[in-house]
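A short worksheet on the structure shown next.
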Amino acid sequence: MIVANMEIISQRKIASDVYELVLKGAELVNYATQGQFLHLKVSEGTDPLLRRPISIAKIDKEKGELTVIYRAEGKGTSMLALKQAGEEVSVLGPLGNGFSLNGTKRGEVAVLIGGGIGVPPLYELSLQLVSAGVKVIHVLGFAGSDDVFYEEKFTKLGETYVATMDGTYGEAGTVIDVIDKKGLSFDTIYSCGPTPMLKAIEKSFPEKKGFLSLEERMGCGIGACFACVCHVKNDPTRNAYKKICTDGPVFAIGEVEL
Amino acid sequence: MIVANMEIISQRKIASDVYELVLKGAELVNYATQGQFLHLKVSEGTDPLLRRPISIAKIDKEKGELTVIYRAEGKGTSMLALKQAGEEVSVLGPLGNGFSLNGTKRGEVAVLIGGGIGVPPLYELSLQLVSAGVKVIHVLGFAGSDDVFYEEKFTKLGETYVATMDGTYGEAGTVIDVIDKKGLSFDTIYSCGPTPMLKAIEKSFPEKKGFLSLEERMGCGIGACFACVCHVKNDPTRNAYKKICTDGPVFAIGEVEL
Amino acid sequence: MSKLNMELPGLSMKNPIMPASGCFGFGQEYGKLYDLSKLGAIAIKATTVETRFGNPTPRVAETSSGMLNAIGLQNPGLEHVLGNELVWLENYDVPIIANVAGSKIEDYIEVAEKISKAQNVHALELNISCPNVKEGGIAFGTNPEVASELTKLVKEVSDVPVYVKLSPNVTDIVEMAVAVEKAGADGLSMINTLLGMRIDLKKRKPILANGFGGLSGPAVKPVAIRMVHQVSQAVSIPIIGMGGVSTAEDVVEFFLAGASAVAVGTANFVDPFVCPNIIDKLPSVLDELEVTHISELIGGSWK
Amino acid sequence: MSKLNMELPGLSMKNPIMPASGCFGFGQEYGKLYDLSKLGAIAIKATTVETRFGNPTPRVAETSSGMLNAIGLQNPGLEHVLGNELVWLENYDVPIIANVAGSKIEDYIEVAEKISKAQNVHALELNISCPNVKEGGIAFGTNPEVASELTKLVKEVSDVPVYVKLSPNVTDIVEMAVAVEKAGADGLSMINTLLGMRIDLKKRKPILANGFGGLSGPAVKPVAIRMVHQVSQAVSIPIIGMGGVSTAEDVVEFFLAGASAVAVGTANFVDPFVCPNIIDKLPSVLDELEVTHISELIGGSWK
Ligand SMILES: Cc1cc2nc3c(=O)[nH]c(=O)nc-3n(C[C@H](O)[C@H](O)[C@H](O)COP(=O)(O)OP(=O)(O)OC[C@H]3O[C@@H](n4cnc5c(N)ncnc54)[C@H](O)[C@@H]3O)c2cc1C
Ligand SMILES: Cc1cc2nc3c(=O)[nH]c(=O)nc-3n(C[C@H](O)[C@H](O)[C@H](O)COP(=O)(O)OP(=O)(O)OC[C@H]3O[C@@H](n4cnc5c(N)ncnc54)[C@H](O)[C@@H]3O)c2cc1C
Ligand SMILES: Cc1cc2nc3c(=O)[nH]c(=O)nc-3n(C[C@H](O)[C@H](O)[C@H](O)COP(=O)(O)O)c2cc1C
Ligand SMILES: Cc1cc2nc3c(=O)[nH]c(=O)nc-3n(C[C@H](O)[C@H](O)[C@H](O)COP(=O)(O)O)c2cc1C
Ligand code: FES
Ligand code: FES
């Protein structure tokens, strides 16, 4: 893990308020893995003060480039969206424990379930699973047609279903609705998205193994401040905990309380 | 007086830590006059929070451009120095009462005495005095040779003497030393620079009329916050005051306490 | 139909946005920029019995997302304010809140009595929280007994409702608020500035000639929000919230904390049009939040 | 010759820079990034008798130039800290300041007594200023009598010097400082966080699950500087200054205010290398100011 200034290679809008940012120029690219995240400082001064955690969407070790995808919503991400190619961003990373590839064997089927801005880390994961010989199915949920991104890229890697809550694109309904409706069958689950979606997944497929990527407001991002802890499942003491920034953001299904 | 975003036409370094910035694109250019200043916001957010008062160095009504010259010293001016052509700066202005041209008649001699970063407003003043038929002499004081700027431009308008404190360029010593040494004679004085210099001028030429431009830390820049007041000379009540931002920054010699 | 009109003791306002005392002079400078009748109210600069020059300069210093000031209650004195400033403000259809200050209790009483009779003064704001004067000011604002006593005496002489402006530099803001409510305050203004300092590294002296100054601006907003949240649950009089407001969203945050109106101070220096801009922006921000009238938001974070 | 070494009660430091308690865990995370022996000292996270999970999440929120936290003193408990964290820290040549917290007086005493006997604990920091717990914490830090009593009792059982960490959420910080000095404190740490709040406009609830939180970061620096300036003139024990420090210049400002060492909190989250960076930068900043040794700066703004 290091702190480095990375150069913006490109920044483009790929959906409503959603941007794809390609960064280059730090050795951290060499040891980043799927599901890890970067802690980005979007301005030099104290406004905003804190870094922003953003998942790694794609790792190109040959070119030395990382891609992230983020929604410009609050102050920090909106400022990030104004940056242009050639400018620099201070990056702390790579952080956290990403998605393990060990859970699924060659030839098995993995379903990758993404919700909104939880979709990005699944892209590098899918690339890796595919090269490990796993069959991937993607179920990507968005609010509406304006919010959809990367459908084509996922389609190139495997079967891909898009669901929108308002029914303006793909299947209407939730990702769970789509899985049910299409009768998808799979061996393992990999998911990232809003907590209610992750909860629904746990509930709907109680017998399945897999991994969930969690979010929480962070301070340090490196395990020192205790901002991002969550409870561990089946812990009568209620004192056991995991830090999302270092123990996670990816946890095995059933490991922690959502 | 308005608030407007002005486009940066050019920004270039003209001396050690000193930058010349050309701004365009607001109607305020049409009614700006010599000795007035702009209140610049160097970033969008709250860091730094306050605007920075910077004098107008040149007004080009035909092109609709204003030039300012500033030293990048603290946080705000250092950030301003990083801006590039094409970017925008929020400008509040034009502010204050500039140099009056009435004090000197056609054919008379005016000496313009500038100290360091107090030199810039004298440039537009000199242009105006010259077109009003006044003969101008410039005495410009700087710390050392690396700090000198605009000597050529001033020379084109009239006799110009440069003094440096460390003697690395022009005459060694203060602006007062130069005036004495060269035996300059003149009808009126116009000056802008550090307060000790202005005090020395008042003391050295007690019989001369003229105008001094003052500096003070400002809040609003428009007369509302009472941050920038100074005492009025010969006021036994000690309650009379002038606001540097609106009554000044230029005052007749002898009007206010330095 | 307006989403913004508010009725507070003495103040019938088109909208709940007013410039904060000391950050708007007596309105003349901003009156050149826009129509002051657009404002919900105006809190004018602190007025004392006598003319005051205030503190030596420098009087302001910048801090991260904030500023320090030590103006020292410079003002032209009661007679001048009555005879000139307030008369000039009669040109506008906007209620005035007169900020009352002094060194001794009698000073407060004299200013309060006389200024409350001015035609366009609809409320007083008792400034017991100015950190920048040697006498009076904050000394009255950090002791509940003294503050109550002063509130009572001012209430007796005032022809208009009295808002007490609280200092955040106290251990227990609720205790202060409850004390002045009991003493008859019609409303509260909060917060005044936090006492702070910056030091010039080269000169090895405080940047402000006065040494200390009052911290204001976005930096203090979380402290202000916390105090409004605490106090609004403990009193039944309305609160004019302030401290770092610079956007329509900040106004909503103060309302949710428990304020019934909001004052904008430091932000006027950053953008002199900030008050009318906020007033123009508020309705659409309320729409986004599906709020029909801004009053629905008051105390929304704890109700 | 070093320009930076400092001797404070119990603490023989290579330089006066230490991470602030709660912002550095027990050092393990930062130990992966740089050699902790570089630091002047380390103030470890508050330790309580029992294991604590702390408050529900969200526990942090951002503010203008600052942040709010309501961690709630999460820590693995005294036994674990003694048996694991402190043992691990023995790998480094750096004095440890153990931050002591609790709900009841007896808790403080128990932690203080035991932790002060650890080989590498060279001082205690009595945390009577945590705003994020229901019991203990700030309740002890806003009343001078209670604070003195606790200081006395802890002094009796501690094998090492005791620094009392003051809360800025008081009317009179000097009164608090003088009280704990009289009670035997060997030094002061100041400031802990200012109580603050932010509200989520859509959810109409405070962003922090705990409601309130402690404000830290550059936003609070002017308040911290002011308090160090006031207190350092009133006491004769040394002060570890903190609140918003993120550069070598900030360190100089705290020294000029009256601090004899400086702790860096929030800035570690913005740049995990901030402490070693400040230590590397300080000598050249001192050179520019023509200072031969940093101790010459202590109280320079008022001496
Ligand atoms: C491990 C991890 C990976 C993430 N990956 C992505 C991603 O790939 N793409 C993407 O768009 N978003 C991602 N997020 C969410 C992203 O961090 C937030 O949307 C972002 O921090 C919000 O910042 P802002 O400037 O838009 O909002 P502001 O409101 O200005 O943020 C204020 C503060 O709250 C924090 N915050 C606000 N919302 C969130 C949130 N949902 N999660 C965590 N912190 C929050 C901010 O980090 C900041 O400290 C991820 C979050 C985590 C924890
Ligand atoms: C009417 C007027 C005209 C000026 N014209 C020029 C000019 O043409 N060129 C130029 O280089 N400088 C000029 N100055 C000085 C310039 O305003 C300051 O150098 C600048 O504000 C410092 O900002 P900073 O970001 O470098 O420093 P910081 O230390 O970051 O400033 C912190 C705060 O202090 C204020 N401040 C610091 N130094 C001064 C100062 N000397 N005068 C006023 N405020 C100060 C800043 O405005 C800001 O509010 C002028 C000042 C005034 C009052
Ligand atoms: C320059 C300045 C002058 C002030 N003068 C007064 C005053 O005269 N009376 C008063 O009650 N408050 C005064 N205040 C405090 C403000 O009214 C307000 O309470 C405080 O600044 C917090 O709001 P803000 O963060 O929006 O500025 C002053 C504040 C500033 C910045
Ligand atoms: C996340 C976080 C956790 C903290 N935990 C503690 C703690 O356990 N004990 C303590 O005395 N202070 C604690 N503090 C306060 C800091 O030690 C410090 O006093 C304060 O943050 C001001 O310094 P800063 O502005 O540099 O952060 C904590 C602060 C933060 C931001
Ligand atoms: S963000 Fe600091 S411990 Fe996870
Ligand atoms: S800067 Fe506000 S009155 Fe001059």
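Here the structure is a predicted model, which means the values were calculated and not measured. The figures that follow rest on heavy atoms only: side chains count, while hydrogens, waters and symmetry mates do not. In what follows, chains are A, B, ... by sequence order, proteins preceding strands, each numbered from 1.
- Shown here for C:Thr142 and D:Thr171, the closest heavy-atom pair between the two residues is CB-CG2, 3.5 Å.
- Heavy-atom pairs under 4.5 Å with chain D were tallied for C:Met197, C:Glu249, C:Glu288; the largest tally goes to C:Met197.
- Listed options C:Lys203, C:Lys205, C:Arg198 were ranked by heavy-atom pairs under 4.5 angstrom with chain D; first place goes to C:Arg198.
- Between C:Val291 and D:Arg204, the closest side-chain pair of non-hydrogen atoms falls below 4.5 Å.
- Proximity to chain D (any heavy atom under 4.5 Å) is shown, for C:Asn143, by neither the backbone nor the side chain.
- One side chain, D:Ser65 or C:Ser65, offers a donor N or O that lies under 3.5 Å from an acceptor on the other.
- Atoms CD1 and CG, from C:Ile199 and D:Leu297 in turn, are 10.5 Å apart once rounded to the nearest 0.5 Å.
- In this structure, chain D has heavy atoms under 4.5 Å from both the backbone and the side chain of C:Leu289.
- Per-residue counts of heavy-atom pairs under 4.5 Å with chain C were compared for D:Gly244, D:Gly211, D:Pro218; the largest is that of D:Pro218.
- The choice from D:Pro168, D:Ala61, D:Gly196, D:Gly300 that makes the most heavy-atom pairs within less than 4.5 Å of chain C is D:Gly196.
- D:Leu215 touches chain C through its side chain: at least one heavy atom from C-beta onward sits under 4.5 Å away, while N, CA, C and O do not.
- From D:Asn169, atom CG reaches atom CG of C:Asp172 across 11.0 Å, with rounding to the nearest 0.5 Å.
- Residue contact with chain D, scored on non-hydrogen atoms closer than 4.5 Å, involves the side chain of C:Leu68 exclusively.
- At a 4.5 Å heavy-atom cutoff, the contact between C:Leu201 and chain D is made by backbone and side-chain atoms alike.
- Residues of residues 219-230 of chain D lying under 4.5 angstrom from chain C, judged on non-hydrogen atoms, are D:Ala219, D:Lys221, D:Pro222, D:Val223, D:Ile225, D:Arg226, D:His229, D:Gln230 in numerical order.
- Annotation for C:Lys303: atom NZ counts as buried by contact number, over 12 foreign heavy atoms lying within 6.0 Å.
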